[in-house]
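All figures in this text were calculated on a predicted structure; none of them were measured in a lab.
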Amino acid sequence: MMKKLQEHLNKWLLGYVTLAIILGLLIGKQSASWIKAHRVAISNLTTFIVFLIIYPMMINLKLESLVKATKNLKAILLSILFNFLWAPLFGWILVKLFLTDPTLSLGFMLVMVVLAQVWL
C-alpha cells in the first residue's frame with residue numbers, strides 16, 4: 001500500500017504542488033486580515049510542518065521500514081526508555097558529578113541526547 005502511495009505521489013507531485021500553490025494564493029488573498037492577526041501562530045505552524053516534511057528526507061526514512069518497525073513494540077519501548085529516561089538521567093548524573101558551569105552542563109546534556117540517537 002505504501003509503495004502504491006509513493007508511486008502515485010512521485011507521478012503526480014507537480015500537479016499537487018501546483019494545486020497547493022493556487023489554493024494557498026486564493027485562500028491567502030481572501031483571508032489576509034485573519035493571517036495578519038495570527039502571523040506568529042502561522043509562522044510556528046509552518047516551521048513545524050516544514051520540519052515534518054524535510055526531516056524524514058534528511059534521515060532517508062523509508063515508509064515501508066517505518067510500518068514494519070511499528071509492529072515491534074519491544075524495540076519501540078526500549079528505544080523510548082533509552083532516549084527519554086536512561087540517556088538524560090545518566091547525563092544529569094555525570095553533569096552533577098563533574099561539571100559546575102551551567103553552559104557547559106547544558107552543552108553536555110545536548111551531546112548526551114545526540115549520542116543517544118547515534119547509539120540506536
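Every ring-ring contact (aromatic ring centres under 6.0 Å, His included) that Phe51 has, sequence neighbours left out, goes to Tyr55. Checked against side-chain contact (heavy atoms from CB on, under 4.5 Å), Leu104 has the following partners two or more places apart in sequence or in another chain: Leu99, Asp101. By the side-chain contact (heavy atoms from CB on, under 4.5 Å) test, Lys4 pairs with no residue at all, sequence neighbours left out. In this structure Ile42 satisfies the side-chain contact (heavy atoms from CB on, under 4.5 Å) test together with Trp34, Ile35, His38, Thr46, sequence neighbours excluded. Partners of Ile49 under the side-chain contact (heavy atoms from CB on, under 4.5 Å) rule, at least two apart in sequence or in another chain, are Leu45, Ile53.
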Expected list for residues 12-24: side-chain donor-acceptor pairs under 3.5 angstrom, two or more places apart:
{"residue": "Tyr16", "atom": "OH", "partner": "His8", "partner atom": "NE2", "Å": "2.6"}
{"residue": "Thr18", "atom": "OG1", "partner": "Leu14", "partner atom": "O", "Å": "2.8"}

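In this structure, Thr47 contributes its side chain and Ser43 its backbone to a donor-acceptor pair below 3.5 Å.
Met109 is connected to Leu94 through a chain of hydrophobic side-chain contacts under 4.5 Å among Ile, Leu, Val, Met, Phe, Trp and Tyr, so both are in one cluster. In the hydrophobic cluster analysis, where Ile, Leu, Val, Met, Phe, Trp and Tyr join through side-chain heavy atoms closer than 4.5 angstrom, Ile80 is grouped apart from Leu85. Cluster membership for Leu106 and Val111, using ILVMFWY side-chain heavy atoms within less than 4.5 angstrom, is not shared. A single hydrophobic cluster is seen to contain both Trp92 and Met112, as judged by linkage of ILVMFWY side chains at heavy-atom distances under 4.5 Å, directly or through other members. Residue Trp86 is not grouped with residue Ile76 when hydrophobic side chains (ILVMFWY) are merged at heavy-atom distances under 4.5 angstrom, including chains of intermediate members.
To the nearest 0.5 Å, the span separating CG on Leu77 from CG on Leu81 amounts to 6.5 Å.
Between Pro88 and Phe82, the closest heavy-atom pair is CD-O, 4.2 Å.
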(message) For a side-chain contact (heavy atoms from CB on, under 4.5 Å) check, start with the C-alpha distance between Leu52 and Phe48, then their side-chain angles and the critical distance, and finish with the verdict.
(response) CA-CA 6 Å; Leu52 288 179; Phe48 179 70; 3.4 Å; yes

